[in-house]
Amino acid sequence: MALTKDDIARIANLARLELSDVESERMLSQMNNFFGIVEKMQAVDTSGVMPLSHPVAAIQEITLRLRDDVISEPDNREANQRSAPAVEKGYFLVPKVIE
């Protein structure tokens, strides 16, 4: 998959970027190089390869260090909502912004 100058111009427009001709050419080259790498990676046969939970798991057994999921902060909802302009049933009320 190769991008064209028009593709770069459209992407820049969507990203609200103004690219000079030099920047546009450089971006075209870099993005086409990137897509070339992706195509090479997609060509590799990975059938039968199990995904790893961690890159090191391919060479040694690892145990993920996860902390216990325990409550460590007190419930300060009422104190946190005292300065709010509008609260109802424990929720902050905000004005409607989408019509």
Side-chain angles (χ1 to χ4, degrees):
M1 172 185 177
L3 297 177
T4 65
K5 288 183 181 182
D6 292 336
D7 294 326
I8 297 300
R10 184 169 185 273
I11 293 168
N13 181 47
L14 291 171
R16 305 291 191 258
L17 298 173
E18 289 186 30
L19 299 177
S20 68
D21 290 339
V22 173
E23 291 171 326
S24 182
E25 285 293 327
R26 190 177 76 223
M27 187 64 62
L28 177 63
S29 173
Q30 289 177 349
M31 290 188 75
N32 280 331
N33 287 340
F34 171 77
F35 285 122
I37 292 169
V38 171
E39 286 176 357
K40 287 179 186 177
M41 290 172 53
Q42 288 178 334
V44 175
D45 180 21
T46 58
S47 58
V49 177
M50 296 297 295
L52 300 174
S53 60
H54 192 280
V56 177
I59 56 174
Q60 69 184 31
E61 187 68 30
I62 63 166
T63 304
L64 297 178
R65 295 174 289 174
L66 301 175
R67 64 178 171 84
D68 292 336
D69 189 14
V70 296
I71 298 172
S72 60
E73 295 289 326
D75 180 13
N76 292 326
R77 178 183 284 180
E78 289 181 25
N80 294 335
Q81 291 181 337
R82 277 191 208 121
S83 61
V87 175
E88 183 177 303
K89 297 180 184 174
Y91 296 104
F92 291 97
L93 298 180
V94 296
K96 184 177 180 180
V97 293
I98 299 176
E99 296 179 17

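Nothing here was measured: the structure is a model prediction, and the numbers come from that model.
- The closest donor-acceptor contact from the side chain of Asn32 to the backbone of Ala2 lies at 3.5 Å or more, if one exists at all.
- Under the 4.5 Å side-chain heavy-atom criterion for grouping Ile, Leu, Val, Met, Phe, Trp and Tyr, Leu66 is connected to Val56 within one hydrophobic cluster.
- Within the model, atoms CD of Gln42 and CD1 of Ile37 stand 12.5 Å from one another, a figure rounded to the nearest 0.5 Å.
- Side-chain N/O atoms of Asp21 and Ser24 include no donor and acceptor closer than 3.5 Å.
- In plain terms, the two heavy atoms of Gln81 and Phe92 that are nearest each other are CG-CZ, 3.6 Å.
- In this structure, the separation between CD on Glu39 and CZ on Phe34 is 11.0 Å, given to the nearest 0.5 Å.
- The closest side-chain donor-acceptor pair between Thr4 and Asp6, if any, does not fall under 3.5 angstrom.
- A donor-acceptor pair under 3.5 Å is formed between the side chain of Ser20 and the backbone N or O of Glu23.
- Taking NZ from Lys96 and CD1 from Ile98, the interatomic distance works out to 9.0 Å, rounded to the nearest 0.5 Å.
- Within the 4.5 Å cutoff, the side chain of Met31 has heavy atoms near those of the Ile11 side chain.
- One finds the CD1 atom of Ile8 at 9.5 Å from the CD atom of Gln30 (value rounded to the nearest 0.5 Å).
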